[in-house]
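Everything on this sheet refers to the single structure shown next.
Index from 1, following the sequence.
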Amino acid sequence: MLIVVDGYNFMFTVPELERYVGENRIESVRSYIISLFSKYREKKHYDITVVFDGCTETVLPKKQIYAGISIIYSKSGINADTEIKIITDQCQNPGDVCVVTYDKDIRRHVKKCGCQIIEPKAMYKEISGVLNKDKKKKSDEPEYKQKGPSENDARYWKDIFKDIPDEEIKPAKYNIKKTDTAKEKKKTRKLPHNSGEPFCKYQGTSSDEIQYWLGIFRGVENNDRQD
C-alpha cells in the first residue's frame, strides 16, 4: 500500500493540527506531520509519500527521505496538486494507492486513475488510534501493577501474611464471606476521607491482588533466608 499525503491540505483541514499553525511557525507543524507519519509507518509498514508546495526556502531539497517516508516539495512553477497527479498517473497498481486530501480537483483526478481516497480527518484518527494503542493497553492494568506497592499497602499486607503458613492460604473465593441481609450491608465500612490506610482494607480484596501480594512477600522471605 502506498499512501500519498497532500501535506498542507492535511495540515489545514485537521483541527488538531490547524489550530497550532497560528501559534507556531508553519515549519514546526510541518515537521510534526512528517514525524507523525514516520511513526505510523513503523507500525503499519506502508510506503508513505508526503507532498508539500515548494517555497522560497532554498535550504529545502526537492525530495528527501525521513525515517523511511518520502518528502517531496513541488518543483518551481508547479504546485503540490500537480506533483500528486503525476505520482498517481505513474503508479502501476492504482488500487494499492491511497491519496489523503480534501482537494476536489485532486480527488476527481485520482478517482479516474483508480486510486483510493481518504479524508485527512479520518487519516488522523486512524494514526492516533494506532499510536495510542500501546498506551491504552498499559492503562488497562491495575494501578498497583503499574506503580508498585505504596508504603501503606506494603505494611498492611505484610501484617496480613507474616504469620500465615503457606498451606493455610486458600484462594480468595473461599475467604470471601457473603453478606445477604440488609442489616449486614449497613455494617459495611465506608472509606473515610483523608485516611492513610490502604483502599483495599475497606473495599475487600480481589483474587488478582491476593496472588500479586503473595508473590511479593514470598520473594522477600526467600531473599531474607538466602542472606
Side-chain angles (χ1 to χ4, degrees), residues 1-140:
M1 171 72 76
L2 169 63
I3 298 177
V4 182
V5 185
D6 187 352
Y8 287 128
N9 187 274
F10 185 83
M11 180 187 297
F12 288 103
T13 55
V14 175
E16 291 86 347
L17 301 174
E18 191 272 338
R19 65 185 179 185
Y20 290 111
V21 176
E23 301 174 7
N24 304 280
R25 297 182 63 187
I26 196 169
E27 292 83 359
S28 299
V29 184
R30 184 175 62 205
S31 297
Y32 175 74
I33 290 174
I34 293 171
S35 176
L36 197 67
F37 276 98
S38 68
K39 292 176 182 177
Y40 179 67
R41 180 188 176 278
E42 290 178 4
K43 298 290 185 179
K44 304 298 288 186
H45 307 290
Y46 295 141
D47 293 324
I48 299 177
T49 297
V50 184
V51 184
F52 294 101
D53 287 315
C55 54
T56 57
E57 300 175 65
T58 56
V59 295
L60 291 175
K62 296 303 177 184
K63 185 175 182 179
Q64 58 180 317
I65 304 295
Y66 176 84
I69 68 173
S70 299
I71 314 299
I72 295 177
Y73 297 94
S74 61
K75 300 174 183 177
S76 178
I78 64 175
N79 56 24
D81 296 9
T82 303
E83 291 282 4
I84 294 172
K85 290 176 183 178
I86 292 172
I87 293 172
T88 55
D89 284 339
Q90 295 177 348
C91 63
Q92 296 181 350
N93 298 303
D96 291 331
V97 178
C98 182
V99 179
V100 183
T101 186
Y102 269 125
D103 187 279
K104 292 181 180 179
D105 185 46
I106 297 177
R107 290 165 68 93
R108 282 194 296 267
H109 182 86
V110 299
K111 277 185 178 180
K112 292 179 181 178
C113 294
C115 301
Q116 303 176 51
I117 298 172
I118 183 170
E119 295 182 350
K121 289 180 183 178
M123 186 76 252
Y124 184 80
K125 184 178 180 180
E126 157 72 7
I127 295 173
S128 298
V130 170
L131 299 185
N132 291 329
K133 189 175 182 180
D134 293 338
K135 294 180 182 179
K136 190 177 292 185
K137 284 183 178 180
K138 185 177 180 180
S139 65
D140 288 341

Do E126 and K44 pass the side-chain contact (heavy atoms from CB on, under 4.5 Å) test, and can you show the C-alpha distance, the side-chain angles, and the key distance before you say yes or no? CA-CA 11 Å; E126 157 72 7; K44 304 298 288 186; 4.2 Å; yes
Mark yes or no for whether [X], through its side chain, and [Y], through its backbone, hold a donor-acceptor pair below 3.5 Å.
| X | Y | answer |
| --- | --- | --- |
| S35 | S31 | no |
| N9 | F12 | no |
| T88 | I84 | yes |
| D103 | I106 | yes |
| Q116 | V99 | no |

Quick one, E18 with T13, criterion side-chain contact (heavy atoms from CB on, under 4.5 Å). Give me CA distance, side-chain angles, the key distance, then yes/no. CA-CA 7 Å; E18 191 272 338; T13 55; over 6 Å; no
Any side-chain heavy-atom pair from [X] and [Y] closer than 4.5 angstrom?
| X | Y | value |
| --- | --- | --- |
| L36 | Y124 | yes |
| R108 | K104 | yes |
| Y40 | I69 | no |

Just wondering, are more than 12 heavy atoms of other shown residues or ligands nearer than 6.0 Å to NZ in K39?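 Check fails, neighbour count at 12 or below.
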Once you round to the nearest 0.5 Å, how far does [atom1] of [X] lie from [atom2] of [Y]?
| X | Y | atom1 | atom2 | value |
| --- | --- | --- | --- | --- |
| D6 | I117 | CG | CD1 | 11.5 Å |
| K121 | K125 | NZ | NZ | 11.5 Å |
| K63 | Y73 | NZ | OH | 13.5 Å |
| K85 | D105 | NZ | CG | 3.5 Å |
| I86 | I72 | CD1 | CD1 | 9.5 Å |
| S128 | E16 | OG | CD | 7.0 Å |

On a heavy-atom basis, which atom in [X] and which in [Y] lie closest, and how many Å separate them?
| X | Y | answer |
| --- | --- | --- |
| A80 | D53 | N-OD1, 2.6 Å |
| V100 | P120 | CG1-CA, 3.8 Å |
| I87 | V4 | CG2-CG2, 4.1 Å |
| V29 | M11 | CG1-CG, 3.8 Å |
| Y46 | M1 | CD2-CB, 3.6 Å |
| P94 | C113 | CB-O, 3.1 Å |

Presence of salt bridge, R41 and D47, under 4.0 angstrom: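 No, no charged N to carboxylate O under 4.0 Å.
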F10/F37 aromatic ring centres below 6.0 Å: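 Distance test on ring centres: under 6.0 Å, yes.
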Between I3 and T49, does the side-chain contact (heavy atoms from CB on, under 4.5 Å) criterion hold? Intermediate values first, please. CA-CA 6 Å; I3 298 177; T49 297; over 6 Å; no
Can you confirm whether the side chains of H109 and D81 place a donor and an acceptor under 3.5 Å from each other?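 D81 and H109 do not have a side-chain donor-acceptor pair below 3.5 Å.
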Under 3.5 Å, is there a donor on one side chain and an acceptor on the other for Y102 and R107?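 Absent: no donor and acceptor within the cut-off.
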Given side-chain contact (heavy atoms from CB on, under 4.5 Å), test F52 with N79 step by step and report yes or no. CA-CA 8 Å; F52 294 101; N79 56 24; over 6 Å; no
Identified side chain to side chain contact (heavy atoms under 4.5 Å, CB included) partner of C115 from the options D89, V97, L2: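 The residue from D89, V97, L2 that satisfies side chain to side chain contact (heavy atoms under 4.5 Å, CB included) with C115 turns out to be V97.
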